[in-house]
Amino acid sequence: MLVAYECRLAGASVTLIEKNWVGQESSWAGGGILLPIYPWRQAEAITQLVIQSHKIYPELIAQLQAKSGIDPEFIQSGMLICQNPDFNDAIVWCQQNGIAYESPSEELLGSVCAEMQQPLWLPEIRQARNPRLLKAVHATLKVMGVKIIEQCEVQAFEITNSRLQSVLTSQGRLPVDELVLAAGAWAGEFWQQYFNLGSPCEVQVAPVKGEMLLYAAKPEALNTMVLDHGRYLIPRADGHILVGSTVEYAGFDKSLNSQTHSELSQFATRILPDLASFPVVKHWAGLRPGTDLGIPYIARHPEISNLSVNAGHFRNGLTMAPAAAQLTLDLILKRKTAIALQPYQLESVH
Ligand SMILES: Cc1cc2nc3c(=O)[nH]c(=O)nc-3n(C[C@H](O)[C@H](O)[C@H](O)COP(=O)(O)OP(=O)(O)OC[C@H]3O[C@@H](n4cnc5c(N)ncnc54)[C@H](O)[C@@H]3O)c2cc1C
């Protein structure tokens, strides 16, 4: 949806084709933390998109909120990272990227029951309430005149002279000037089915399931996001607390596991014992668009001249989305890019 937003802002006439309903898949299911967990352990290509998006987000949110009237709850709730065996790497990463860091106060440390190892407090890290952010983007696209076709199955493409001419869908034939594949966890199989054309360049994206829990707690129960041994708590403005998440390689399967439910709730009540007195009101799973290193593909097809891809953001799709969408537009318009494109190309990912 953000690619559609950027293209429309640039003056293009945009149609978004969605096989189900927009904003219901991974982007809905995620936690909305706007920082990778342990960002200093990630590839530089991820940092580039994260930091650029960090700069874009405040103005983007203001625009979306103004155009849609929907508050995406973009909140600077900060993040407490309980264990940092690679503390020096963390500090260097924060310094190099202009991310504020502090030693957590005694009060903050006392607010959670976690074993601490060189804890780190990142006070300026933000979150967005992703289902609301998606509603805000969706409503903004409508206001801007983007045509959104839901429940629309792609059935075939007409390709002549190395150009996509049209897409045949369950709702008819649509002419194509430029096409961007942004199908999340489905992008790999979609590419394989329609665009592989014997080329050595593939989009290798596979689904990686993540399960989450939601507690209906009170607003004062927790004030900051907490990361402990790879799992996290995210407090929303109204007191709900998200607990995440699992990383499961289980194909396109979103079924829920009672064992996972109890592991996540044990984690949550260990960190915040008061949560035991609040109900779990939701348990769900989403399918991340998984890639080996978590680096998305933002690239042109090597042979089809008017086809691009923006997919494979794995665990950091919301965090990287604004910069990734702008980069996609730059690529289409052959503009100078704020970030070097090379790491996101099809060839270099393999
Ligand atoms: C449990 C969990 C926690 C997460 N936490 C965070 C977090 O805290 N921060 C963060 O930055 N990221 C997080 N993520 C990752 C983030 O959600 C994803 O990287 C991101 O949502 C990917 O966005 P996307 O638009 O590529 O995919 P999606 O949001 O999945 O959208 C892809 C869309 O394409 C549609 N589609 C697929 N195939 C077709 C087709 N053939 N025709 C038409 N439409 C099609 C789908 O129906 C879907 O609507 C999390 C993910 C999960 C599952």
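Counting starts at 1 for both ligands and their atoms, following the listed order. Position 1 is the first residue of the sequence, and the numbers go up from there. Here the structure is a predicted model, which means the values were calculated and not measured.
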Is the count of non-hydrogen atoms from other residues, nucleotides or ligands lying under 6.0 Å from E107 atom CD greater than 12? no
Ignoring hydrogens and geometry beyond distance, is a side-chain donor-acceptor pair present between S162 and E303 at under 3.5 Å? no
Does ligand 1 have an atom under 4.0 Å from some heavy atom of [X]?
{"X": "Y232", "answer": "yes"}
{"X": "A185", "answer": "no"}
{"X": "R315", "answer": "yes"}
{"X": "P289", "answer": "yes"}

Considering only protein heavy atoms, which is closest to atom 25 (O) of ligand 1, and at what distance to one decimal place? S27 OG, 3.7 Å
Suppose we measure from atom 6 (C) of ligand 1 to each protein heavy atom; which comes out shortest, and what is that distance? G31 N, 3.6 Å
Could you walk me through whether Y297 and W191 pass ring pair (Phe, Tyr, Trp, His ring centres under 6.0 Å), step by step? CA-CA 12 Å; Y297 295 93; W191 185 274; 8.1 Å; no
Ligand 1 contact on [X] by region, counting heavy-atom pairs under 4.0 Å:
{"X": "W28", "result": "neither"}
{"X": "M212", "result": "side chain"}
{"X": "V22", "result": "neither"}

